A.B. asks: 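Questions regarding the structure given below will be posed in turn.
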Number of protein chains: 2
Amino acid sequence: MSARDRGQGGAPTGRDPGRSAPLTSPFGGKGARDSRTLILDSAQRLFAEFGYSATSTMRIAEAAGVTRTLIFHYFPTKQAILAALLDERGLRDALADVDVPQTHGDLQAALLMLAEQIHHRLQLSEQVLQIVLHERSCQPLTERPYVEFMERLESLVQDTVAETLGDRTTKATMQATASTFAAVLLRDALQAPLTGISRDCEQSAYVCACAAGTDPSWTREPPT
Amino acid sequence: MSARDRGQGGAPTGRDPGRSAPLTSPFGGKGARDSRTLILDSAQRLFAEFGYSATSTMRIAEAAGVTRTLIFHYFPTKQAILAALLDERGLRDALADVDVPQTHGDLQAALLMLAEQIHHRLQLSEQVLQIVLHERSCQPLTERPYVEFMERLESLVQDTVAETLGDRTTKATMQATASTFAAVLLRDALQAPLTGISRDCEQSAYVCACAAGTDPSWTREPPT
DNA sequence: GTCTATAGATGGATAGAC
DNA sequence: GTCTATCCATCTATAGAC
């Protein structure tokens, strides 16, 4: 009910996947391949907004401007639509080309640069991200994408911390710092839409930098 | 359509509206323990596991050992079941009686004590918590409980930081610390089941304590 | 490739007997 | 308070014409 249908059309047709079916092929050839894309576009948007179970194939067809039977021509079942969505527009590639920032010791800056990259990437996969986070543990298909996403997120933060701090602090401190910042990134991802660096992210980057820069002898050791 | 006008007896069925009878079965079978409670129990469990939309009233009835029509005797609609669940077993009371820890300056210990309390409370409302976190932004009914839960979580952390650190650090540092630890608590809550203090929680408590104990002049100021 | 028509099942919800 | 029987809407999926 909340208006979250912004952006991310992704369709080469450039049409709002709402209504008014473009029955004509944009490139003069057979307009076959476009219907499948339109169906996936609509399913992606509706699944993200209302959830998988609450979205019927009828609504997908209406939003895509095609008939229901055409959906079952391209996808054997409704689950296959979700599977295709996760397979073709999944999160696996979204965070694939993130660079580990090089700041020569400035952890706060490094974490912010990392967060900026991640936010930018996730904006392009915002709807799929919402689907995965929502349907995890209910739809078995989304379970592995969710786990892989979380592992990738943690891995990126750990690499960033290790690259930035090197051997200037203990391994336990690096692990604690990375775990903490990953939690903040997850919270940001949960609260769509992702519009750049959040205030929470900035503050936590500062907190992590302070903790990592602290001499471990200053207080007790971090839990291992 | 035939066996419809069989009998005509207009049974008044004037019963005492007071529910004085406990209706407990002497053999403990399905018997008549409060059916309404059984329905709510089943709905709570199924909603948490499969989601609201994917759970039909038929499955709720089967799990509760009653007929589907009995559900509609107690609840006018399926949504009303969810509403009753949120109203009678909601998260509002779950975190109501959490004490702000008193550690006289030990932030790491204070955050851990707070986390322990929160985990313990949320264990008792684990299924409702899953429902709220899962259905938020899809089911309008869960939107407010979700927001209130998040605000309560943040508020508790802020109070704990303020109580522990007092005026020994800047307001900006306290805010940054609280925001960071709240994110870790949220991640823990997302990953049910909640079995006591997580390793992430311990590590982040250390990180927050280090950052809060750091002299602000040591590095740049935290974002405000 | 796309449509019309429909099957087959299940969904939520109601009426009324006991 | 609980059940039997039923209605109507909607859902997934299939068959077959063009």
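Chain A is the first sequence line, chain B the second, and so forth, proteins listed ahead of strands; every chain is numbered from 1. Keep in mind that this is a model prediction, so the values were computed, not measured.
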A.B. asks: State plainly whether the residues A:E88 and A:R36 are in salt-bridge range, i.e. N to O under 4.0 Å.
C.D. replies: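 Counted as a salt bridge, because a side-chain N and a carboxylate O are separated by less than 4.0 Å.
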A.B. asks: With a 4.0 Å cut-off, would you call A:R199 and A:D188 a salt bridge?
C.D. replies: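 Not counted as a salt bridge, because no side-chain N and carboxylate O are separated by less than 4.0 Å.
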A.B. asks: Rounded to the nearest Å, what distance is computed from the NZ atom of residue A:K78 to the P atom of nucleotide D:dA13?
C.D. replies: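 Distance, rounded to whole Å: 9 Å.
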A.B. asks: Considering only C:dA13, C:dG11, D:dT2, which nucleotide approaches the side chain of B:T77 most closely?
C.D. replies: C:dA13
A.B. asks: From CZ of A:F72 over to P of D:dT12, roughly how many Å is that when rounded to an integer?
C.D. replies: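 One finds 6 Å between P of D:dT12 and CZ of A:F72, rounded.
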A.B. asks: Give a yes/no on whether any side-chain N or O of A:T69 is located under 4.0 angstrom from OP1 or OP2 of C:dT2.
C.D. replies: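 Negative; the distance criterion is not met.
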A.B. asks: May I have the distance from A:R59 (atom CZ) to D:dT12 (atom C1'), rounded to whole angstrom?
C.D. replies: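 Value for this atom pair: 16 Å.
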A.B. asks: Distance check needed: C:dA5 C1' versus A:L70 CG, whole Å only.
C.D. replies: 16 Å
A.B. asks: State which of D:dA13, D:dT12, C:dT2 makes the closest approach to the side chain of A:T57.
C.D. replies: D:dT12
A.B. asks: OP1 or OP2 of C:dC3 versus the side-chain N and O atoms of A:T67: is any pair under 4.0 Å?
C.D. replies: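 True: A:T67 side-chain N/O within range (under 4.0 Å) of C:dC3 OP1/OP2.
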A.B. asks: D:dA5 C1' sits how many Å from B:H73 NE2, rounded?
C.D. replies: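 To the nearest whole Å, that distance equals 18 Å.
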A.B. asks: Round to a whole Å and report the spacing from CD1 of A:I39 to C1' of C:dG1.
C.D. replies: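 Interatomic distance, CD1 of A:I39 to C1' of C:dG1: 11 Å.
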A.B. asks: Check whether any side-chain nitrogen or oxygen of A:Y74 sits under 4.0 Å from OP1 or OP2 of C:dT2, and answer yes or no.
C.D. replies: yes
A.B. asks: If I take atom CZ in residue A:R68 and atom P in nucleotide C:dT6, what distance separates them, rounded to the nearest angstrom?
C.D. replies: 13 Å
A.B. asks: Just so I know, are the side chains of A:V207 and A:T180 near enough to count as touching, which here means a heavy-atom distance under 4.5 Å?
C.D. replies: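 Not touching, per the 4.5 Å side-chain cut-off.
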A.B. asks: Does A:S56 put a side-chain nitrogen or oxygen below 4.0 Å from OP1 or OP2 of D:dC11?
C.D. replies: yes
A.B. asks: Keeping the roles fixed (side chain from B:S179, backbone from B:Q175), state whether a donor-acceptor pair exists under 3.5 Å.
C.D. replies: no
A.B. asks: Do any N or O atoms from the side chain of B:T142 and from the backbone of B:Q139 form a donor-acceptor pair under 3.5 angstrom?
C.D. replies: yes
A.B. asks: A:I60 CD1 to D:dT12 P: how many Å, rounded?
C.D. replies: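 Whole-Å distance recorded here is 8 Å.
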